[in-house]
Each structure stands twice: as C-alpha cells, then as structure tokens.
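Before anything else, here's the structure in question.
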Amino acid sequence: MHHLNTLSETIINLIAQIPVGKVATYGQIAVMAGNPRAARQVSRLLHSCSKKYQLPWHRIINSQGKISIPKDLPQYQEQLNRLLKEGVELGLNNRIDLSRYQWQGTDD
DNA sequence: ATGATGACGTGCG
DNA sequence: GCGCACGCCATCA
C-alpha cells in the first residue's frame, strides 16, 4: 500500500464492492469515484493493484458491455470464464446486457 | 522535458 | 453496428 491518493483509494474500494454476478464499467467507476475522466486510471489500477488487493478485476468491462481485453489473448478467456462462473452471460456479439448485470451501487 | 502508451469514453460518418 | 479520430491523463522510455 503506501501512498495511495484518495482517488485511487476510492476507485479500489469501489471495485472491491462490486457483488458477485454483477459488473461495472470503467467509466462508471470513474464517475462514482468523483472523476468522470479517470476511466484510464481505473484500467491502470486494475493492472497494478488487482493482485495486491485481490480485486474482482474481471467484473470491470467497457461502456459497450464488452470485455476490453482483445479476444486473441488468454486473459480474455480468463475474464470470460470468471464471469461465466458467476452467472454473467454474454449475449449477441459477445456483449453483456448491462441493464441486467450492471452493478447499481446502491446495494452491495 | 518530450513523446509514446493504454484491460477507456464519446461523437460522428 | 463498426471503425476512426479525438479527448483524457498517469506512467514510462
């Protein structure tokens, strides 16, 4: 841990709160953290802090409802498998139905 | 200091 | 619906 600014801490805390079987988008977390322009920081934090804080990184997808990792990378399958195991399914075009699976934040 | 990079987002054609 | 340009910004070379 060491010196995480409040934005990073907030982002990490939010990600950690996403319930099993729900997903959130990068931009959504950024907005909830109070900085709509921090979507890329959410991505960076997933890279750098997922292991350390045991974050449910697989529950973060892009605003299109898709897994952001290129399909030809093994990590794509890993994220997909983790989501499937939680009951999150892909619809047409490998898209996740946000109206059904998106974390609303009010309950957790 | 400068330029490139990226598990992003939005707008437009 | 898809691709592309552009905006954004911490991190890196």
Side-chain angles (χ1 to χ4, degrees):
Chain A
M1 91 160 57
H2 281 274
H3 335 293
L4 289 177
N5 62 41
T6 56
L7 177 60
S8 293
E9 287 180 347
T10 304
I11 289 175
I12 288 173
N13 285 328
L14 284 168
I15 294 173
Q17 288 176 50
I18 305 172
V20 174
K22 289 292 182 178
V23 299
T25 70
Y26 296 88
Q28 174 190 352
I29 295 299
V31 169
M32 291 172 102
N35 189 334
R37 300 189 274 194
R40 303 195 92 132
Q41 184 167 345
V42 173
S43 170
R44 284 191 297 275
L45 286 170
L46 287 181
H47 275 292
S48 59
C49 303
S50 281
K51 187 155 192 171
K52 184 186 298 181
Y53 297 99
Q54 300 185 8
L55 298 178
W57 58 271
H58 57 287
R59 297 180 192 142
I60 304 295
I61 59 180
N62 64 33
S63 64
Q64 309 306 302
K66 292 183 176 179
I67 289 175
S68 270
I69 303 170
K71 282 194 274 303
D72 54 315
L73 297 183
Q75 286 140 304
Y76 176 92
Q77 267 303 319
E78 186 182 355
Q79 179 167 14
L80 176 56
N81 289 335
R82 284 173 177 247
L83 288 172
L84 292 176
K85 196 187 303 183
E86 298 185 353
V88 176
E89 296 174 13
L90 300 189
L92 293 181
N93 276 51
N94 301 311
R95 188 188 302 274
I96 292 170
D97 184 354
L98 289 177
S99 70
R100 181 176 167 190
Y101 294 108
Q102 184 169 35
W103 178 41
Q104 299 304 130
T106 55
D107 54 87
D108 65 289

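Proteins get letters first, then strands, A, B, ... in listed order; numbering begins at 1 in each.
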Distance, rounded to the nearest Å, where A:Y26 contributes OH and C:dA10 contributes P:
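Answer to the nearest Å: 18 Å.
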Open item on the list: Do A:Y53 and A:M32 land in one hydrophobic cluster if side-chain heavy atoms of ILVMFWY residues count as linked below 4.5 Å?
Closed with: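 They do share one cluster, since a chain of ILVMFWY contacts under 4.5 Å joins A:Y53 to A:M32.
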**Request:** Anything under 4.0 Å to a heavy atom of chain A counts; send over the first and last such nucleotide of DNA chain B, read 5' to 3'.
**Result:**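 Nucleotide range in contact with chain A: B:dG6 to B:dT10.
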Report task. For A:R37, report the nucleic acid contact type (base, sugar-phosphate, nothing); a contact means any heavy atom under 4.0 Å. Result ->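 Answer is sugar-phosphate: A:R37 comes under 4.0 Å of backbone atoms only.
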### Heavy-atom closest contact (A:W103 atom, A:P19 atom, distance)
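Between these two residues, the closest heavy atoms are CD1-CD, 3.4 Å.
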Below 4.0 angstrom from OP1 or OP2 of C:dG1, is there any side-chain N or O of A:R95?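 For A:R95, the contact criterion (side-chain N or O under 4.0 Å from OP1 or OP2 of C:dG1) is met.
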(request) Check each residue of residues 55-70 of chain A for a non-hydrogen atom within less than 4.0 Å of any atom in DNA chain B, then write out the ones that pass by number, or none. (result)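 Of all residues in residues 55-70 of chain A, the ones placing a heavy atom under 4.0 Å from DNA chain B are A:W57, A:N62, A:S63, A:Q64, A:S68, A:I69.
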field: For the student: nearest non-hydrogen atoms of A:I29 and A:A24, plus distance
entry: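 Taking A:I29 first and A:A24 second, the nearest heavy atoms are CD1-CB, 3.9 Å.
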Requested in this report: Walk me through it: do A:V42 and A:I15 pass the test side-chain contact (heavy atoms from CB on, under 4.5 Å)?
Outcome: CA-CA 9 Å; A:V42 173; A:I15 294 173; 4.2 Å; yes
(Q) Take a 6.0 Å sphere around CZ of A:R82 and say whether it holds more than 12 heavy atoms from other residues, nucleotides or ligands. (A)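 Check passes, neighbour count above 12.
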Quick check: closest heavy atoms across A:S63 and A:L98, and the distance to 0.1 Å?
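Residues A:S63 and A:L98, closest heavy atoms: O-CD1, 3.9 Å.
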Is there a donor and acceptor pair, one atom on the side chain of A:R40 and one on the base of C:dC8, closer than 3.5 Å?
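Result: at least one qualifying N/O pair found.
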Checklist entry - How far apart are the closest heavy atoms of A:Q79 and A:I67, and which atoms are they? => result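 In this case the closest contact between A:Q79 and A:I67 is OE1-CG2, 3.1 Å.
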Integer-rounded Å distance: C:dC8 P and A:I29 CD1: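 After rounding, the reported distance stands at 22 Å.
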_Set out, in order, the CA-CA distance, both residues' side-chain angles and the distance that settles side-chain contact (heavy atoms from CB on, under 4.5 Å) for A:W57 and A:Q75, then state yes or no._
CA-CA 11 Å; A:W57 58 271; A:Q75 286 140 304; 5.5 Å; no
Verify the contact: side-chain N or O of A:N93 to OP1 or OP2 of C:dC2, cut-off strictly under 4.0 Å; return yes or no.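 Answer is yes, contact under 4.0 Å.
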